[in-house]
Amino acid sequence: MGPRDNFIDTVTENLLDRLEDCKRDFPMALCLGGSMDPIRRLLHGRGGIEKMIMMDMSHDMIKRCREMQENSSDSKLETLYVVGDEEFLPVKQRSLDLVISCLGLHWVNDLPGTMIQCRMALKPDGLFLVSILGGETLRELRIACTVAQMEREGGISPRISPLAQVRDAGNLLTRAGLALPAVDVDEFTIRYGSALELIEHLRSMGETNALLQRNQILKKETALATASIYQSMFGGEDGSIPATFQVIYMTGWAPDPSQQKPKRRGSANVSFEDLQREFGTSQQTP
C-alpha cells in the first residue's frame with residue numbers, strides 16, 4: 001500500500017470523524033489490518049487514545065508501519081506492533097476501549113467470528129468502529145469482466161473478491177452481540193485514464209482478487225476485451241472511465257447496563273391518536 005492515497009485518506013478521515021461524536025475517551029485501542037498507517041497519521045488526538053496496538057497478519061506490513069512511525073504527527077501516541085490473525089485475536093477479554101479498522105475486515109474469511117471476538121475483547125461500553133468496501137464496489141469492472149469473459153471464453157470466473165452488501169452489515173453487528181448498531185454508506189466515483197490505471201491503483205491499495213480458487217490465468221484477449229468494453233460502456237467524452245467504491249461504516253458498542261434501551265413492548269402510556277390530536281394539523285379541503 002502506498003504511503004499516500006487520497007481515497008484511503010478520505011475514508012480514514014470519515015471514520016475518525018466518528019470519534020469526535022463520542023463524548024468519552026478511548027485510552028486503549030486496537031487497529032486491525034487495512035489502512036493502519038493512515039489511521040495513526042491522521043488521528044491527531046481524536047478519541048483520547050493513549051495507546052494503540054497495530055495488528056496485521058503480514059509481517060512486511062507491520063515492518064513498514066513501524067518504519068513510517070518516525071513521520072507521525074502524533075508523537076504522544078504510544079504504539080505497539082503485533083503480527084497476528086484477525087480471526088484469532090491474541091487479546092485478553094475486556095481489555096480494549098476501542099477496536100478500529102479502516103478498509104481491512106472485508107479480507108477476513110470469517111467476518112462474523114472476528115466481530116464476535118472483537119466484542120469479547122472490548123470493555124463494557126467499548127466501541128467497535130469499522131469501514132469496509134461494500135458490494136457495489138467496482139460494479140463497472142465487474143460488468144465489463146463478465147461481458148468480456150462470456151464473449152471470449154464462453155463462461156465466467158470470479159475476478160473480483162466478494163464483498164458484503166449494506167443489508168448484511170446491520171445483521172453482522174447484531175449477530176456479534178454489539179449494542180446500538182449503526183450503519184451508513186458513502187459512495188465514491190473515481191475517474192481513471194484507462195482500465196490499466198485502475199488496476200494499478202487497486203494493486204497499490206492491495207485490493208486485488210483474494211479468492212484462493214480463482215482462475216490464475218487471465219488471457220490477453222480477455223483482458224483487452226475487458227478494457228475495450230469498459231471504455232465503450234462507461235467511458236466519458238474525455239476518454240476517462242469511472243470506478244465506483246462503496247464504503248460501509250459500521251458502529252457498535254459492547255453491551256453495558258448504562259446504555260439506553262428500548263421500552264418494554266406495550267408499556268407506552270400515550271397513543272398515536274393522542275399525538276395526532278395534540279400535534280397534528282387538520283386538513284382543510286379546498
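All residue numbers in this chain count up from 1 along the given sequence.
- Put simply, the residue from Val130, Val108, Leu15 that forms a side-chain contact (heavy atoms from CB on, under 4.5 Å) with Ser101 is Val130.
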Expected list for residues 164-178: side-chain donor-acceptor pairs under 3.5 angstrom, two or more places apart:
from	atom 1	to	atom 2	distance (Å)
Asp168	OD2	Gln165	N	3.1
Asn171	ND2	Arg167	O	3.3
Thr174	OG1	Gly170	O	3.1

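- In this pair, Trp253 and Phe26 present their aromatic rings tilted. The plane angle is within the 30 to 60° band.
- Although no hydrogens or angles enter the test, the distance criterion places no donor-acceptor pair under 3.5 Å between the side chain of Asp25 and the main chain of Pro27.
- Put simply, the side chain of Arg142 gets close to the backbone of Thr137: a donor and an acceptor are under 3.5 Å apart.
- In the hydrophobic clustering of ILVMFWY residues, with side-chain heavy atoms under 4.5 Å counting as a link, Leu32 and Leu96 come out together.
- Contact record, Ser240 with Arg191: OG-NE, 2.8 Å, taken as the closest heavy-atom pair.
- Glu197 contributes a side-chain N or O that, together with a main-chain N or O of Gly193, makes up a donor-acceptor pair within less than 3.5 Å.
- In this structure, the separation between CZ on Phe88 and CD on Gln117 is 7.0 Å, given to the nearest 0.5 Å.
- With a 4.5 Å cut-off on side-chain heavy atoms, Met54 and Leu80 do not count as touching.
- Note on Leu129 and Leu30: separate hydrophobic clusters, where clusters join Ile, Leu, Val, Met, Phe, Trp and Tyr whose side-chain heavy atoms are under 4.5 Å apart, directly or indirectly.
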Exercise for the section: Decide side chain to side chain contact (heavy atoms under 4.5 Å, CB included) for Met36 and Met61; before the verdict, give the C-alpha distance in whole Å, the side-chain angles of both, and the deciding distance to 0.1 Å. Expected result: CA-CA 9 Å; Met36 295 185 298; Met61 182 67 74; 3.6 Å; yes
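- Taken to the nearest 0.5 Å, the CD1 atom of Ile143 stands 7.0 Å off from the CD atom of Glu140.
- Heavy atoms of other residues, nucleotides or ligands lying less than 6.0 angstrom from NZ of Lys261 number more than 12.
- Annotation for Glu273: atom CD does not count as buried by contact number, only 12 or fewer foreign heavy atoms lying within 6.0 Å.
- Of the charged side-chain nitrogens involved, at least one lies within less than 4.0 Å of a carboxylate oxygen, so that Asp125 and Arg24 count as a salt-bridged pair.
- When side chains are defined from C-beta on, Leu105 does not count as touching Met250, because their heavy atoms never get closer than 4.5 Å.
- Transitive grouping of hydrophobic side chains (ILVMFWY, heavy atoms separated by less than 4.5 Å) keeps Tyr249 and Ile132 in distinct clusters.
- Residues Glu13 and Arg46 are paired through a salt bridge, judged by an N-O separation under 4.0 Å between the basic side chain and the carboxylate.
- For Thr189 against Pro242, the heavy-atom pair with the smallest separation is CG2-CB, 3.8 Å.
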Problem - Verdict with reasoning, Asp9 to Asp5, per side chain to side chain contact (heavy atoms under 4.5 Å, CB included) - result: CA-CA 6 Å; Asp9 282 358; Asp5 186 290; 5.6 Å; no
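- The minimum heavy-atom distance linking Val99 with Cys118 is given by the pair CG1-SG, 3.8 Å.
- By the 30° and 60° cut-offs, the orientation of the rings of Phe188 relative to Phe7 is perpendicular.
- When the salt bridge (charged side-chain N to carboxylate O under 4.0 Å, His left out) test is applied to Asp60, no partner is found at least two apart in sequence or on another chain.
- Taking both residues in full, the closest heavy atoms of Arg41 and His44 are given as O-CE1, 3.5 Å, listed atom of the first, atom of the second, then distance.
- A donor-acceptor pair under 3.5 Å is absent between the side-chain atoms of Glu78 and the main chain of Glu50, judged by distance alone.
- Not one N or O on the side chain of Tyr81 forms a donor-acceptor pair closer than 3.5 Å with the backbone of Asp56.
- With Phe128 as the aromatic partner, Arg119 does not meet the cation-pi criteria of under 6.0 angstrom to the ring centre and within 45 degrees of the ring axis.
- Under a 3.5 Å cut-off, the side chain of Thr10 and the backbone N or O of Asn6 do form a donor-acceptor pair.
- Residues Leu42 and Leu127 are members of one and the same hydrophobic cluster, defined by side-chain heavy-atom contacts under 4.5 angstrom among Ile, Leu, Val, Met, Phe, Trp and Tyr.
- Looking only at side-chain heavy atoms (C-beta outward), Ile241 and Ser194 stay at 4.5 Å or farther from each other.
- Among all heavy-atom pairs drawn from Ala254 and Leu122, the shortest one is CB-CB, 3.9 Å.
- Here CZ of Arg152 is found 12.5 Å from NZ of Lys220. Values are rounded to the nearest 0.5 Å.
- Cluster membership for Met205 and Ile190, using ILVMFWY side-chain heavy atoms within less than 4.5 angstrom, is shared.
- Within 6.0 Å of CZ on Arg94 lie no more than 12 heavy atoms contributed by other residues, nucleotides or ligands.
- Under a 3.5 Å cut-off, the side chain of Ser228 and the backbone N or O of Leu224 do not form any donor-acceptor pair.
- No donor-acceptor distance shorter than 3.5 angstrom exists from the side chain of Ser35 to the backbone of Ile8, with no hydrogens or angles considered.
- Ion pair Asp97/Lys51 not flagged as a salt bridge, since none of the NZ, NE, NH1 or NH2 atoms sits closer than 4.0 Å to an Asp/Glu carboxylate oxygen.
- Residues Val247 and Val185 form no side-chain contact, since every pair of their non-hydrogen atoms from C-beta on lies 4.5 Å or further apart.
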Handout entry: side chain to side chain contact (heavy atoms under 4.5 Å, CB included) assessment of Met28 paired with Ile53
Key = CA-CA 8 Å; Met28 185 68 173; Ile53 302 173; 3.4 Å; yes
Exercise for the section: Begin with the C-alpha distance, continue with both residues' side-chain angles, and end with the deciding distance and a verdict on side-chain hydrogen bond (donor to acceptor under 3.5 Å, both in side chains) for Glu187 and Thr244. Expected result: CA-CA 7 Å; Glu187 194 167 284; Thr244 299; 4.9 Å; no
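- Annotation for Ser131 and Cys102: closest pair OG-CA, 3.3 Å, computed over non-hydrogen atoms.
- The shortest side-chain heavy-atom distance between Leu103 and Leu133 falls under the 4.5 Å cut-off.
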Practice task
Would you please test Met57 and Ile62 for side chain to side chain contact (heavy atoms under 4.5 Å, CB included) and show each step?
Solution key: CA-CA 8 Å; Met57 287 186 63; Ile62 291 295; over 6 Å; no
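- With hydrogens and angles ignored, the 3.5 Å screen pairs a side-chain donor or acceptor of Ser271 with a backbone N or O of Asp274.
- Put simply, the side chain of Arg18 reaches to within 4.5 Å of the side chain of Asp184, judged on heavy atoms.
- To the nearest 0.5 angstrom, Asp186 atom CG is 11.0 Å from Ile248 atom CD1.
- When side chains are defined from C-beta on, Val91 does not count as touching Met120, because their heavy atoms never get closer than 4.5 Å.
- Checked against side chain to side chain donor-acceptor pair (under 3.5 Å), Gln93 has no partners two or more places apart in sequence or in another chain.
- Salt-bridge formation is not detected for the pair Glu67/Arg64: no Lys NZ or Arg NE/NH1/NH2 atom is positioned less than 4.0 Å from an Asp or Glu carboxylate oxygen.
- In this structure, CD1 on Ile100 lies 6.0 Å from CE on Met52, to the nearest 0.5 angstrom.
- A 4.5 Å side-chain heavy-atom check between Pro181 and Thr251 finds every atom pair outside the cut-off.
- Of the inter-residue distances, the one linking Thr114 atom OG1 with Glu87 atom CD reads 4.5 Å to the nearest 0.5 angstrom.
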